[in-house]
Visitor: 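Would you mind keeping the following structure in view while I ask a few things?
A note on names: the letters A, B, ... follow the listed sequences, proteins ahead of strands, and every chain is numbered from 1. Bear in mind that the values here come from a model prediction, so they are computed numbers and not experimental data.
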2 protein chains.
Amino acid sequence: MKTYYCGLEVTLDVIGGKWKALVLYYLIKGPKRTSELKRLIPTITQKMLIQTLRELEMSGLILRKMYNQVPPKVEYSTTELGQSLESILEALCNWGGIYAESSFAQDEFEILHMD
Amino acid sequence: MKTYYCGLEVTLDVIGGKWKALVLYYLIKGPKRTSELKRLIPTITQKMLIQTLRELEMSGLILRKMYNQVPPKVEYSTTELGQSLESILEALCNWGGIYAESSFAQDEFEILHMD
DNA sequence: CGGTATCCAACACGATACTG
DNA sequence: CAGTATCGTGTTGGATACCG
């Protein structure tokens, strides 16, 4: 049993770290294959991607569906619990855009959109 | 110049990590002295608290006001930029509470409120 | 009280090679 | 295509002692 003093600590435990929020953010927009996620997040390594997916799965935020075929195909999607973070992650994403354009951070941050 | 592919990456750079969101969360509720923050976040070490405060200050999210008196007194408060995260951090906190009570996590997480 | 300086351990993360 | 295994490193974070 883990003990926390604030709900925020729980959230950070579940989607904190370098990659979890980002991977979940893309999966919330729709189911994706492993290679699609890798393409959307070019700077993540294969190892960290798989590891992050496993942790999100363990936490009950995403589902892994495997198709028995050659070549293999795996698709990840969100659970209801994972999807419930949609508006929050969207807000965090927007805030980052605003921050990058703020007088404080401009000329320091650059965002390349690739939708 | 740092390059990102999504606003969320920027946000994680600014308030990601183990403590920044938590410290900011408490400061958003009102200005606090160093010792007050230490009391609110019992598991943080002195070193990490100071380090986190410095980083938030560098990012333009909080202000540090020092009173020249003995014993010394320092008070931290949010800037407009920092305060703009209020609703988001509140939502993240609430989500943690809901997650901890979910059928998935119950008996695993415990939250002790200390307001 | 608020903060700094060391030193050290843990682990998150990355690079690479390999498998079914 | 999806994933595992191994190894190495660099940051993160904690313990402790000390200072104005």
Visitor: In this structure, how many angstroms lie between the C1' atom of D:dA2 and the CG atom of A:L49, rounded?
Guide: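 A:L49 atom CG is separated from D:dA2 atom C1' by 10 Å.
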Visitor: Could you work out which one of C:dG2, C:dG14, D:dG3 sits closest to the side chain of A:R64?
Guide: D:dG3
Visitor: Tell me: CG of A:L22 to C1' of C:dC13, nearest whole Å?
Guide: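 For the pair A:L22 CG and C:dC13 C1', the rounded distance is 16 Å.
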Visitor: Does B:T45 have a side-chain nitrogen or oxygen under 4.0 Å from the phosphate oxygens OP1 or OP2 of D:dA15?
Guide: no
Visitor: Measure NZ/B:K73 against P/C:dG3 and give the value in whole Å, please.
Guide: 13 Å
Visitor: Roughly how many Å is it from NZ in B:K20 to P in D:dT12, rounded to a whole number?
Guide: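 Rounded to whole Å, this separation is 9 Å.
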Visitor: Toward the 5' end of DNA chain D, which comes first, B:K47 or A:L53, by nearest nucleotide?
Guide: A:L53
Visitor: Between A:T11 (side chain) and B:L92 (backbone), is there a donor-acceptor pair under 3.5 Å?
Guide: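 Yes.
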Visitor: Would you indicate which nucleotide in C:dC13, C:dA15, D:dC1 comes nearest to any side-chain atom of A:M48?
Guide: C:dC13
Visitor: Does B:K32 count as lying over the ring of B:Y76, i.e. NZ or CZ under 6.0 Å from the six-ring centre, within 45 degrees of the axis?
Guide: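 Because its charged atom misses either the 6.0 Å distance or the 45° angle limit, B:K32 does not stack over B:Y76.
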Visitor: For the pair made of CZ in A:R54 and P in C:dA12, what is the distance, rounded to whole Å?
Guide: 17 Å
Visitor: Please determine, for the side chain of A:I50, which listed nucleotide (D:dC1, D:dT4, C:dG3) has the closest atom?
Guide: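 The nucleotide sitting nearest to the side chain is D:dT4.
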Visitor: Please pick, from C:dG2, C:dC1, D:dG3, the nucleotide with the shortest atom-to-atom distance to any side-chain atom of B:T34.
Guide: C:dG2
Visitor: Rounded off to whole Å, could you give me the CD-to-P distance for the A:Q51 and D:dA5 pair?
Guide: 13 Å
Visitor: Given that A:P72 and B:E36 both sit by DNA chain C, which one's nearest nucleotide is further toward the 5' end?
Guide: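 Mapping each residue to its closest nucleotide by heavy atoms, the 5'-most match is B:E36.
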Visitor: Shared ILVMFWY cluster between B:M66 and B:L49, side chains joined below 4.5 angstrom?
Guide: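 Yes, because B:M66 and B:L49 connect within a single hydrophobic cluster, where side-chain heavy atoms sit under 4.5 Å apart.
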Visitor: Can you classify the ring geometry of A:F109 versus A:Y99 as parallel (below 30°), tilted (30 to 60°) or perpendicular (above 60°)?
Guide: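 Ring orientation, 0 to 90° scale: perpendicular.
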Visitor: Test B:T78 against every option in B:Q83, B:E86, B:K29 by the side chain to side chain donor-acceptor pair (under 3.5 Å) rule and name the one that passes.
Guide: B:Q83
Visitor: Within the 4.0 Å heavy-atom criterion, would you say B:Y76 contacts the bases, only the backbone, or no part of the nucleic acid?
Guide: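 Counting heavy atoms under 4.0 Å across all strands, the contact made by B:Y76 is with sugar-phosphate only.
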Visitor: On the side chain of B:Q46, is there an atom forming a donor-acceptor pair with the base of C:dG3 - under 3.5 Å, no angle test?
Guide: yes
Visitor: Rounded to whole Å, please give me the gap between CE in A:M66 and C1' in D:dA2.
Guide: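 Computing the A:M66:CE to D:dA2:C1' distance gives 10 Å.
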Visitor: How long is the line joining NZ of B:K18 and P of D:dT11, in whole Å?
Guide: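 Between P of D:dT11 and NZ of B:K18: 18 Å.
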Visitor: Kindly say if B:R33 contacts the phosphate of C:dC1, meaning a side-chain N or O under 4.0 Å from OP1 or OP2.
Guide: no
